[in-house]
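Everything on this sheet refers to the single structure shown next.
Quick caveat, the model's predicted, so the values are computed rather than measured. Keep in mind that the numbers below use all heavy atoms, side chains included, and drop hydrogens, waters and symmetry copies. In what follows, chains are A, B, ... by sequence order, proteins preceding strands, each numbered from 1.
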There are 4 protein chains.
Amino acid sequence: MNGTRQQRRRGDTRQRIQDVALALFAEQGYEKTSLREIAESLDVTKAALYYHFKTKEEILVSIFQDLSRPLEDLIAWGRDQPHSLETKQEIIRGYSAALAGAAPLFRFMQENQATVRDLRIGNMFKSRMFDLRDILIDPEADMVDQVRCLTALFTLHAGMFVLRDLEGDPEEQRAAVLEVATDLVTQAHRGTAGA
Amino acid sequence: MNGTRQQRRRGDTRQRIQDVALALFAEQGYEKTSLREIAESLDVTKAALYYHFKTKEEILVSIFQDLSRPLEDLIAWGRDQPHSLETKQEIIRGYSAALAGAAPLFRFMQENQATVRDLRIGNMFKSRMFDLRDILIDPEADMVDQVRCLTALFTLHAGMFVLRDLEGDPEEQRAAVLEVATDLVTQAHRGTAGA
Amino acid sequence: MNGTRQQRRRGDTRQRIQDVALALFAEQGYEKTSLREIAESLDVTKAALYYHFKTKEEILVSIFQDLSRPLEDLIAWGRDQPHSLETKQEIIRGYSAALAGAAPLFRFMQENQATVRDLRIGNMFKSRMFDLRDILIDPEADMVDQVRCLTALFTLHAGMFVLRDLEGDPEEQRAAVLEVATDLVTQAHRGTAGA
Amino acid sequence: MNGTRQQRRRGDTRQRIQDVALALFAEQGYEKTSLREIAESLDVTKAALYYHFKTKEEILVSIFQDLSRPLEDLIAWGRDQPHSLETKQEIIRGYSAALAGAAPLFRFMQENQATVRDLRIGNMFKSRMFDLRDILIDPEADMVDQVRCLTALFTLHAGMFVLRDLEGDPEEQRAAVLEVATDLVTQAHRGTAGA
DNA sequence: CATGAATGAGTTTTCATTCAT
DNA sequence: AATGAATGAAAACTCATTCAT
């Protein structure tokens with residue numbers, strides 16, 4: 001007992017499934033990752049996956065729920081703040097941190113939109129984005145400033161997956177992306193506030 | 001003769017396959033669209049598809065090649081221009097038009113990145129984007145301004161698929177998106193030129 | 001007219017189909033050679049093949065009929081000869097020549113027995129072999145001598161396709177094979193005649 | 001429980017697949033035997049076959065590996081013996097026994113050479129034959145005696161599938177074939193030893 | 001003498017899922 | 001907490017063949 005083979009501290013399996021699944025989903029996409037592949041990576045049988053999760057989709061949902069917690073907290077916080085410039089800037093910073101903290105998940109969401117769209121997490125994610133939008137955007141702002149805010153959001157997203165292909169220091173890149181995004185919401189806020 | 005059922009103006013089939021395939025690919029994603037589905041939509045057999053295209057991927061490639069022609073022309077034009085602000089703004093305008101002119105295709109590219117990545121069009125598209133980047137970005141500009149240019153590009157992309165979910169006049173939206181993107185390259189250019 | 005493209009002296013096509021088909025059948029096997037492949041090798045369409053031959057099998061049958069003519073002549077000759085040793089030796093020589101004269105065909109027959117068995121040429125070939133056997137074998141000879149005669153036949157066959165993998169001068173090999181085969185019928189004849 | 005339908009002694013399926021597959025492969029050929037046919041013969045689904053074997057080819061490979069074991073043992077034995085006449089005769093006897101012990105498999109190999117050639121078992125079998133050749137053939141023997149040895153081998157092969165079409169007592173036939181083959185290696189050995 | 005367009009029936013293979021043990 | 005065995009549905013693709021032109 002406590003043998004070499006059984007190293008795996010028990011109770012661990014669920015977490016290990018999530019980890020491997022996310023890695024594969026992010027690397028290959030959801031549809032191209034089969035449960036067989038996940039099981040083999042873990043050296044368990046497919047049936048074992050079904051002991052821990054009801055369906056393939058459930059695995060993904062559970063990952064999303066676990067990893068998007070910080071984002072949810074951010075939104076909850078933002079909702080109670082005044083629509084001030086500081087709040088908006090803090091939201092941008094927070095979102096950037098949330099993305100960085102669960103990069104594989106968000107990269108997955110980016111790259112598998114068509115698939116994600118008709119999975120349960122599709123709506124979950126969409127509603128988070130709407131929440132962010134409602135915090136950032138002033139409904140009375142003109143269209144251009146509204147677009148600036150949305151653009152700020154997508155700048156952060158794109159920063160994750162596009163800049164990977166670019167030369168240059170990653171830390172410097174992240175900072176630059178954050179600056180551009182912050183700039184955009186600031187311009188948007190000024191435009192509206194000044195009018 | 002010339003019956004109702006046989007309406008099918010001959011020679012038409014290849015084009016009809018491309019049309020239906022693109023519509024389905026954009027709507028459901030590449031993997032979730034089966035050749036059976038495409039064939040049934042057209043009221044032909046699967047084998048007929050294989051008469052016109054060697055593989056499923058080939059259908060997609062042919063669509064991409066046909067529809068990305070304007071983008072290619074734009075790049076060819078841009079390569080020979082001076083790296084002036086006017087050129088950059090014209091590139092943004094042109095890219096916006098190219099996207100609008102083949103919206104379903106580019107929406108598809110956006111939403112199926114994980115899939116597209118290991119299809120032939122993955123590299124084709126990537127290299128187009130690199131070309132655009134090289135035209136827009138001044139290699140001596142600082143990181144922030146470089147990010148601004150890339151952001152301009154993605155603003156246009158995101159404009160296509162995100163704004164669909166937004167209320168408001170589509171034409172006004174498109175104009176706003178274009179303005180934000182133009183603004184970004186302008187700022188980037190000023191920053192660099194002024195330094 | 002008499003243009004560069006149409007070089008192909010007309011009327012030739014049927015023959016060209018047979019040639020290419022035999023080459024491919026021998027190289028890859030009957031089932032693994034598709035009509036598409038044959039057509040493409042000839043730079044014509046599949047439908048063109050159907051102008052010249054009713055079915056895939058028909059192509060093969062026509063090849064067999066054309067190329068097995070010498071064998072048929074040999075058998076016809078042998079049937080009218082006395083069952084002397086000279087006759088038997090001549091049959092062996094003749095069969096060797098027939099095989100050499102249509103090597104790809106007979107190699108094909110060797111290597112595709114399972115397939116050939118339920119094609120029309122299966123029975124055609126089988127009956128030729130029975131004819132040869134009846135000429136070579138004395139029904140009153142003992143089993144061992146009968147086997148010697150059959151072995152002589154198969155020695156020639158095997159000589160074609162096995163020796164290809166062997167080092168050594170091909171001509172010397174062919175001569176050696178012929179000598180062994182001749183030896184076998186001679187022994188068989190002596191055994192029977194001497195008894 | 002223990003119902004008539006569920007007879008299937010569990011754990012049995014893999015073996016049953018191999019048995020049925022070999023029977024069908026030998027009877028109809030590899031290409032003309034579909035997995036559907038095998039599955040239906042066993043009253044399981046196609047997918048069940050894939051639970052036990054990764055590909056169609058794997059089924060064949062596994063059969064070959066299981067059934068060619070005695071041949072491998074024979075070769076292993078032969079390699080360590082002196083190149084004496086007794087050794088050679090024993091090899092012939094042993095090969096005859098090996099063929100008889102797995103007649104359907106070797107018949108299959110005979111009749112599907114074109115197919116087998118580009119499957120993994122093609123090379124496996126070829127190398128076994130080369131091993132046998134190296135044991136039987138004296139490299140200093142003249143070509144004719146070398147051919148005699150090879151012919152001995154093919155006599156045994158041909159004995160299996162040709163004699164099926166012949167009248168006469170099968171046991172007597174087998175004995176006769178063995179005698180002819182033994183005779184051939186003996187002649188070959190004498191020729192070389194005497195020189 | 002040949003092509004362009006298409007079909008129907010089939011192939012091997014893969015997948016998410018189930019369930020008795 | 002997991003496995004071994006299996007399934008039903010579907011996928012992409014191939015092939016010999018047909019026929020109007």
Side-chain angles (χ1 to χ4, degrees), chain A residues 6 8 10-14 31-39 42-59, chain B residues 1 6 8 10-14 17 31-39 42-59, chain C residues 6 8 10-14 31-39 42-59, chain D residues 1 6 8 10-14 17 31-39 42-59:
Chain A
Q6 241 80 311
R8 251 133 241 176
R10 18 140 154 181
D12 216 353
T13 306
R14 194 188 144 92
E31 343 238 6
K32 290 225 293 278
T33 300
S34 67
L35 294 185
R36 178 176 59 64
E37 210 174 350
I38 296 174
L42 288 165
D43 211 31
V44 296
T45 61
K46 268 180 294 173
L49 305 184
Y50 279 90
Y51 177 80
H52 293 282
F53 300 95
K54 265 211 291 283
T55 64
K56 185 184 182 185
E57 185 174 356
E58 264 262 305
I59 299 179
Chain B
M1 359 216 119
Q6 241 76 312
R8 221 138 281 160
R10 13 124 151 215
D12 219 347
T13 308
R14 193 187 145 95
I17 293 171
E31 343 238 7
K32 290 227 293 279
T33 301
S34 69
L35 295 185
R36 179 179 56 69
E37 211 175 347
I38 297 175
L42 288 165
D43 210 31
V44 295
T45 62
K46 272 176 289 166
L49 304 185
Y50 280 94
Y51 175 76
H52 292 281
F53 300 94
K54 267 207 290 285
T55 62
K56 185 184 181 185
E57 185 175 354
E58 259 257 311
I59 299 180
Chain C
Q6 242 77 313
R8 251 133 240 177
R10 22 139 154 180
D12 217 351
T13 306
R14 194 189 145 92
E31 341 239 8
K32 291 226 292 278
T33 301
S34 67
L35 293 185
R36 179 177 58 65
E37 210 175 349
I38 296 174
L42 288 166
D43 213 30
V44 296
T45 61
K46 269 181 292 175
L49 305 184
Y50 279 90
Y51 178 81
H52 292 283
F53 300 95
K54 265 209 290 283
T55 64
K56 186 184 181 185
E57 185 174 355
E58 263 262 306
I59 299 180
Chain D
M1 348 210 133
Q6 241 76 313
R8 220 139 282 160
R10 13 127 147 212
D12 220 348
T13 308
R14 195 189 143 94
I17 292 171
E31 343 239 4
K32 291 226 291 279
T33 301
S34 68
L35 295 185
R36 180 181 54 67
E37 211 175 348
I38 297 174
L42 289 165
D43 209 31
V44 295
T45 61
K46 274 176 288 166
L49 305 185
Y50 279 92
Y51 175 75
H52 292 281
F53 300 95
K54 267 207 290 283
T55 63
K56 185 183 181 185
E57 184 175 355
E58 260 255 311
I59 300 181

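C:Glu57 has its CD atom 18 Å from the P atom of F:dC15, to the nearest Å. Taking atom CG of residue A:Leu35 and atom P of nucleotide E:dT14, one finds them 15 Å apart after rounding to whole Å. Rounded to whole Å, the distance from CD on D:Glu31 to P on F:dA16 is 12 Å. E:dT7 atom P lies 10 Å from atom CG of B:Leu42, rounded to whole Å. Following rounding to the nearest Å, B:Arg36 (CZ) and E:dG10 (C1') show an atom-to-atom distance of 17 Å. Atom CZ in D:Phe53 sits about 18 Å away from atom C1' in E:dT14, given to the nearest Å. If you take OH of D:Tyr50 and P of F:dA11, they are 17 Å apart, rounded to a whole angstrom. B:Lys32 places its NZ atom 21 Å from the P atom of E:dT14, with the value rounded to the nearest Å.
Under a 3.5 Å cut-off, the side chain of C:Lys56 and the backbone N or O of C:Thr33 do form a donor-acceptor pair.
Shown here, E:dC19 forms a base pair with F:dG4; the pair counts as Watson-Crick or G-U wobble because both key distances fall under 3.5 Å.
Between B:Leu49 and the choices B:Thr13, B:Leu35, B:Thr55, the side chain to side chain contact (heavy atoms under 4.5 Å, CB included) rule is met once, by B:Leu35.
Nearer the 5' end of DNA chain F, as judged by each residue's closest nucleotide, is the contact made by B:Ser34, out of B:Ser34 and C:Thr33. Nearer to the 5' terminus of DNA chain F, by closest-nucleotide assignment, is the contact made by A:Leu49 (compared with the other of D:Thr45 and A:Leu49). For the pair D:Glu37 and B:Ala48, both in contact range of DNA chain E, the more 5′-proximal nearest nucleotide belongs to B:Ala48. Of the residues near DNA chain E, D:Lys54 and B:Ala47, the one whose nearest nucleotide (by heavy atom distance) lies more toward the 5' end is B:Ala47.
C:Thr13 has no side-chain polar atom (N or O) that falls below the 4.0 Å cut-off from OP1 or OP2 of E:dC1. Put simply, C:Tyr51 has no side-chain N or O that comes within less than 4.0 Å of OP1 or OP2 on E:dA2. Here B:His52 does not reach the OP1 or OP2 of E:dG4: none of its side-chain N or O atoms lies under 4.0 Å away.
In this structure, CD1 in C:Ile59 is found 5.0 Å from CD1 in C:Ile38, a value given to the nearest 0.5 Å. Here D:Ser34 contributes atom OG and D:Lys46 contributes atom NZ; the two are 8.5 Å apart, rounded to the nearest 0.5 Å.
In the interface, the side chain of A:Lys46 is paired with the base of E:dT17 through a donor and an acceptor atom under 3.5 Å apart.
Considering all non-hydrogen atoms of both residues, C:Glu58 and C:Lys54 come closest at OE1-N, 4.0 Å.
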